[in-house]
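Here's the structure we're looking at; comments come further down.
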Amino acid sequence: MATRSVRAEEIERELESLLTRETFPPPEEFRRRALIRDDTPWREAQADPVAWWERQARALLDWSEPWQRALDDSNPPFYRWFVGGRLNACENALDRHVRAGRGDRVAFYWRGEEGEERQVTYAQLLHDAERLATVLRERGIGPGDVVGIYLPMIPEVVVAMLACSRIGAPHNVVFGGFSVEALRDRLHFSEAKALICVDGARRKGKTVAVKAAVDRILDELPSLGTVICVRHTGEGAPMRRGRDIWWHEALAGAGPTPPEPLDAEHPLFVLYTSGSTAKPKGVLHTTGGYLTGVAWTQRHVFDLHDDDVYWCTADVGWVTGHSYIVYGPLVCGATSVMYEGAPDYPDKDIWWEICERYGVTIFYTAPTAIRTCIKWGVEYPLRHDLSSLRLLGSVGEPINPKAWLWYWRVIGGGRCPIVDTWWQTETGHILISPLPGVTTLKPGSATRPLPGVDAAVVDDAGREVAPGEQGYLVLRRPWPGMLRTLYKDPDRFVETYFSRFGRETYFVGDAARLDEDGYFWVVGRVDDVVNVSGHRLSTAEVESAIVAHPKVAEAAVIGQADERTGQAICAFVTVEAGVEPDERLAEEIRQGVAERIGKLARPARIIWANELPKTRSGKIMRRLLRDIAEGRALGDVTTLRDPEVIAQLETKVRELQ
Ligand code: 6R9
């Protein structure tokens, strides 16, 4: 113990001195082995971006039919890539590796919450995916039919996604941490025909019944005729004859189904994400372009070699899991780690134990996780040998330089580059990021756009702003993995992303700055989206969950700066006349939000307000609430209807501190 503390102290001193260091060029040892070592891809892509992407699509994927036209940009913003080409995502992820004699290669080292281990090979994934595809077919699921997936981090979730893509049924994965009410809404919006779920899920030594909870919402989904249930915890699951089947029983009796050659623009999946209104947006991705962008970035941003062991700690319920746990790694034939449990169970060193045990070389996580580890202390990572690591990644929100330096020094031992990868559910794959063998890093900056990507920072009029000035991040050229539309809502698609700066400029929704070296510094969202621990939540969605409580009159939700989670949800709530707000009501409100959306959306702070600050036209002024919550001087208050309201709220917030 004593020596450990000495090491910890040494590291802390070193971190202090690192705070002044601004640039980190690629370590020579890393660069020597890197797949990309100079700016050739940027230069080639600059000369002809579409032709450059075509070369990548050809090199990285197997096509059953070549495309006639690489990019159809005749009707922006409805772009089409690799028009006329045909391929299958599952075949690219599994069959072709098995055909090439790599069936015995481990696709996932799976680690269960209680320490169980499973090694899943490419051949085994294929065996199950071919059979599940048959089961789905026999249930009448065909190309274009949406299948909901509500599963924890177990290998079956990968099989489920790939079985869907094998037959051209777009999947709609819903994060297991979302409540069944949130699941119901998403399945309803996507008109899902089938659902794949588990009997129960595990969390820190406890189990929760999932299938029984799911049953509560199924009657409200008349289009959903099939439920396939994976036996995971072994708890009893009510099964309705004709509708519900056990995964293991169905697979045991099924033969294989070959992959269906699909149009490059065939929908691969729908994934719901938060927008500015309470209704989540169904982001639709298609096959050829998405896989091209995901495969290129998986290989080159993560400098993926044959002997790497890669671990992305995200959940498959988010886009990071879709692109960089499932499609990216499998299309590239990688060996990954998949972990079911929480980062602090059985103890706070479990992640580092896993890195040591499987010899993880590439580790991809979120800034919020790093900040939590900082809080727990260096003792936990110091318990383990992390010398196998050679590259680290970050995603989900801006990483503050202090967390970056800690990650670099404590986890990476000062020898691993960090790729700070900027992208979104909508972009499909990473767009702004270092290439680790080339780019000189600056802690806190996602650095520069990748080859073939045209990003800029502009003002309200769409003009590029000067270096150092803040503006809106935009993308000015279509890229292969971009969303194609919002599911069944093309008007909202155009309105949300392609109305502000015209039909050919994608409005990201993030504020950013550029520095003199052309490096991008993403600041955060400019819309009513809150980023809690890297998870996007809509303030409107949380508000509507709060006002559903009968004692609540009105609510305004804002994102408040939080040291650990980046932003935390803070709710200003007014109650119905005659109601005396107290801690019990606050608990009921939190509980209601957990039930309607999920635990991660529960307000960290509830502030009882007599009234909310509104404009004369009756709009809640969230900007002022943010200033009040964070104790800042108030901005422009001239449009405020009743200035008295502000003084009351400021007193309340001060009392709470
Ligand atoms: C992949 C993912 C997207 C929003 C995005 C931005 C923030 C993601 C970031 C980042 C700064 C990074 N974001 N990565 N901000 N630096 N490296 O997270 O998708 O859940 O859709 O969130 O997350 O604000 O607009 P998604």
Side-chain angles (χ1 to χ4, degrees), residues 173 175 177-178 269-276 280-285 290 293-294 297-298 301 312-328 364-371 392-401 403-404 407 418-434 439 441-450 453 455 457 470 472-475 481-483 486 496-497 506-514 519-538 541 559 565-567 600-601:
V173 181
F175 172 52
F178 276 134
F269 65 84
V270 188
L271 183 60
Y272 283 85
T273 187
S274 300
S276 295
K281 299 183 292 196
V283 169
L284 182 90
H285 283 289
Y290 171 81
V294 163
T297 48
Q298 181 74 57
V301 170
C312 167
T313 68
D315 189 282
V316 278
W318 308 108
V319 74
T320 305
H322 282 60
S323 300
Y324 298 109
I325 292 179
V326 180
Y327 289 107
Y364 190 28
T365 194
T368 183
I370 304 296
R371 289 192 298 266
L392 304 175
S394 172
V395 62
E397 54 177 315
I399 179 162
N400 48 308
W404 195 102
Y407 195 24
I418 298 179
V419 286
D420 177 356
T421 62
W422 179 90
W423 61 294
Q424 308 178 292
T425 306
E426 293 87 340
T427 69
H429 50 87
I430 300 168
L431 292 186
I432 305 177
S433 163
T439 312
L441 310 172
K442 298 187 189 182
S445 168
T447 75
R448 295 192 299 147
L450 290 174
V453 175
V457 180
Q470 190 166 312
Y472 301 107
L473 183 60
V474 294
L475 300 163
M482 67 193 295
L483 80 165
L486 291 177
T496 309
Y497 308 106
Y506 174 86
F507 175 71
V508 164
D510 281 1
R513 279 183 292 112
L514 265 173
Y519 277 45
F520 284 73
W521 298 76
V522 175
V523 178
R525 303 287 309 184
V526 294
D527 51 12
D528 291 325
V529 172
V530 186
N531 191 328
V532 181
S533 300
H535 299 148
R536 272 167 68 169
L537 295 163
S538 129
E541 202 178 351
T565 57
Q567 286 189 302
L600 57 105

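Whatever order the structure lists ligands and atoms in, that order sets their numbers, starting from 1. Hydrogens, waters and symmetry mates are skipped; everything else that's a heavy atom, side chains included, is used.
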Identity and separation of the nearest protein heavy atom to atom 11 (C) of ligand 1: Pro398 N, 3.1 Å
side-chain contact (heavy atoms from CB on, under 4.5 Å) assessment of Tyr407 paired with Ile418: CA-CA 8 Å; Tyr407 195 24; Ile418 298 179; 3.7 Å; yes
Ligand 1 versus Asn531: contacting region, heavy-atom distance under 4.0 Å: side chain
Output field: ring centroids His429/Tyr290 closer than 6.0 Å: no
Residue selection (non-hydrogen contact nearest atom 6 (C) of ligand 1) among Thr273, Asp510, Leu271: Asp510
Derivation of the salt bridge (Lys or Arg N to Asp or Glu O under 4.0 Å) call for Glu397 and Arg371: CA-CA 12 Å; Glu397 54 177 315; Arg371 289 192 298 266; 3.2 Å; yes
Any N or O of Asp420 closer than 3.5 Å to N or O of ligand 1: yes
Ligand 1 contact by Trp318, heavy-atom criterion under 4.0 angstrom: no
Flag, side chain of Thr421 to backbone of Ser394, donor-acceptor distance under 3.5 Å: yes
Residue pair Tyr324 / Gln298, side-chain donor-acceptor N/O under 3.5 Å: no
Selected option - heavy-atom contact closest to atom 14 (N) of ligand 1, from Gly396, Ala314, Ala446: Gly396
N/O separation below 3.5 Å, Thr320 to ligand 1: no
